[in-house]
A.B. asks: 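Just passing along the structure, written as structure tokens.
Just so it is clear, the structure is predicted and the values come from calculations on it, not from any experiment. Lettering of chains follows the sequences in order, A, B, ..., and the numbering in each one begins at 1. All values below come from the heavy atoms of this structure, side chains included, with hydrogens, waters and symmetry mates left out.
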There are 2 protein chains.
Amino acid sequence: MLEAKLAEAGTLKKMLDAIKELVTDANFECNEEGITLQAMDNSHVALVSVLLEATGFKRYRCDRPMPLGVNLTSLTKVLKCAKDDDECTIKAADEADVLNLVYEAKSSDRIAEYDMKLMDIDSDTLGIPDTEYDARVTMPSSEFTRIVRDLSLLGESVRIEVSKEGIRFASDGEAANGSVLLRQSDAIGKVAQSKVTSLKKEDGDGEVVDVDEEDEDEEAPDGKVKKEKGVKTEAAEDDDVDMDEDEEFKANSDGEEEQDEDEGDEGSESGKKRKKSSSSNKPSKKAKTASSSKRKGKGKKADSDDEDGEPGVRIEMNAHVSLTFSLKYLVNFSKSATLCNRVQLMMSNDVPLLVSYEFGQGHIRYYLAPKIGDD
Amino acid sequence: MLEAKLAEAGTLKKMLDAIKELVTDANFECNEEGITLQAMDNSHVALVSVLLEATGFKRYRCDRPMPLGVNLTSLTKVLKCAKDDDECTIKAADEADVLNLVYEAKSSDRIAEYDMKLMDIDSDTLGIPDTEYDARVTMPSSEFTRIVRDLSLLGESVRIEVSKEGIRFASDGEAANGSVLLRQSDAIGKVAQSKVTSLKKEDGDGEVVDVDEEDEDEEAPDGKVKKEKGVKTEAAEDDDVDMDEDEEFKANSDGEEEQDEDEGDEGSESGKKRKKSSSSNKPSKKAKTASSSKRKGKGKKADSDDEDGEPGVRIEMNAHVSLTFSLKYLVNFSKSATLCNRVQLMMSNDVPLLVSYEFGQGHIRYYLAPKIGDD
DNA sequence: ACTGACCGTT
DNA sequence: AACGGTCAGT
């Protein structure tokens, strides 16, 4: 059975608000490490990956792994019945067909209890390779929100380009073209813009994740992306690609360099390896992928980019990248800004963009295949 | 003629906002004691009773009783032309077919004047018995609003149960079931939960209204509810009852248990009595009903539950009650929260619920027949 | 298709 | 607190 008590129902509310428009039904995979959710968006163009670490709960217990099939629209309604600062306990018996949610007001003279129906959902666990990217940009999430919203008024897509100059977001529209350039913030200058040893998803706040282990990592036996279901990069046509359920999500699969991605389900290809990350030469590591949690044991929950990291823009790149994405999705992703003040954009040419919001108790990550014709 | 000057047009604006969706046309009955409005909602399921005491006006004069037939949609529009803090004077000549409204800004350098057409409306004064109830719950109006809104996301109706445990609001829906329990707030503990002598509508703040005078009151010459049309309790089928225009609104007319439901028209049954109020024993009185204003001359305008009474929940009960109501109506009633910080729920099994908002210058009360099959 | 109500944002 | 936008109901 599962029993997890969250100090603030608001965390869950914001998380649902962030993804409910993208995904309507999904399995919350619960195990002793925490709760994860991975799903393709309704149109199979983007992939959403959510993690809530067990350690982020006030109390957490999950005897055995169990998937909770939830209709996010229903869960959103039920969560609307909680105040942001209510304590929220979610419980589900093994094999249960209902999820029980209890909200306790701080004042404690109000207790609300809800039982929500669960459903069976095909859980095609998606394989999300943990790869290295040619560029990582960390910026205030509000800034990212503002930029994609502004540009979405002009056009359908945006070209994101990271160069020595900084990061540029440019969109061409019928009536007008727009371009926003963010330069590295002064205080951060030294760190970024320089060749970085390895660009992996950052775990902590503004600190490059320890790449070491990764370097030595398996160099990618086949150097190929696994084939689980996922957003396929190349497939991306003019419009975003629609990935099939059974495809593998090769974040940047055969992409520029290679990263492996084993997906969870098959596990067979797990042994793959990927090799040099873009320009740099660190051999990338692999595996951990979506279950990022394990990345480095991640005991670091609270210290990440969570709420307010440093202000400003931090740019790290090993190679110039230029990719084009659908603004509609980016605008959608940017809703997660309510969860965390900083956002990380990870890019390599021809590989799906990773937009990552790391907060105290976990993260929300979005993968979006680039439109072709960008390079 | 009528001439009444209100210190704040905002009072009228909020009152209209609270009831305009429920009632589109109604008579404002003006007499020397003040202005009252009583009407069945458009679908004849609920009854609304509004009182604006003469003493609550900055200036008030009404030579003879006169009904002002008003289209509330029109009045709402006209009132939108006033700022909340404007002084508002309403005037109507005898037999006039227009209502004159003058708004004077505090600064006095702005005077706006409007004339709104009046209409003839069948004034079937509704008889609202002033009865006793088995349970009275007083709580912050925002809390009530929150609860009924939350539950309305899940289901159509709510079961309200008052027991030693507190007051529970429970609703079952397609996707989820919900239940909110409010316990008596600690500081209030002693007062409530004990056998109350009499549970009548509270007039002041948290004080049981003196029932005395009412006891002696005219026991109802005819002892009946007036014969106006009302919500008939029993009629309530699965869905709320639709009371006929000519029926009498026997809120819980005769006593909690037996409530007669004579249909108002006959008036013959007037002799009924109400008597034992629930558990207690005060003979109920009658008449005053809706014109509650007279209840005790009520000079107390400002001291009532008006804006913020004590915070928290106060529960008084003489018997366990369990009733089911349509959330749609309760959500509608809860709009009155803008007028007053506290709301009173009065209930007896199988009798219409009374939701009462008492503010400085009067009150807005709603009566809603329970759905059957509850309790 | 139009009007009204409700929710969210500024 | 007010205005605008979105969604639902008639």
A.B. asks: Round to a whole Å and report the spacing from CG of N42(B) to P of dT3(C).
C.D. replies: 18 Å
A.B. asks: Which residue, S49(B), S356(B), S336(B), forms the side-chain hydrogen bond (donor to acceptor under 3.5 Å, both in side chains) with R365(B)?
C.D. replies: S356(B)
A.B. asks: Using whole Å, report how far CD1 of I19(B) lies from P of dG4(C).
C.D. replies: 17 Å
A.B. asks: What is the distance from CZ of R149(B) to C1' of dG8(C), rounded to the nearest Å?
C.D. replies: 13 Å
A.B. asks: Roughly how many Å is it from NZ in K83(B) to C1' in dA1(D), rounded to a whole number?
C.D. replies: 12 Å
A.B. asks: Rounded to the Å, how far apart are E156(B) CD and dA8(D) C1'?
C.D. replies: 14 Å
A.B. asks: In this structure, how many angstroms lie between the C1' atom of dC7(C) and the NZ atom of K20(A), rounded?
C.D. replies: 11 Å
A.B. asks: Provide, to the nearest angstrom, the distance between the CG atom belonging to L72(B) and the P atom belonging to dA5(C).
C.D. replies: 12 Å
A.B. asks: Rounded to whole angstrom units, what separation is found between the CG atom of N332(B) and the P atom of dG4(C)?
C.D. replies: 16 Å
A.B. asks: Is the number of heavy atoms from other residues, nucleotides or ligands within 6.0 Å of NZ (K117(B)) greater than 12?
C.D. replies: no
A.B. asks: Would you find a donor on one side and an acceptor on the other, under 3.5 Å apart, between the side chain of N27(B) and the backbone of I121(B)?
C.D. replies: yes
A.B. asks: Which residue lies toward the 5' end of DNA chain C, E21(B) or K80(A), if each is placed at its nearest nucleotide?
C.D. replies: E21(B)
A.B. asks: Would a line drawn from the ring center of F144(A) to the ring center of F333(A) be shorter than 6.0 Å?
C.D. replies: no
A.B. asks: So what does K335(B) touch, heavy atoms closer than 4.0 Å: a base, only the sugar-phosphate, or nothing?
C.D. replies: sugar-phosphate
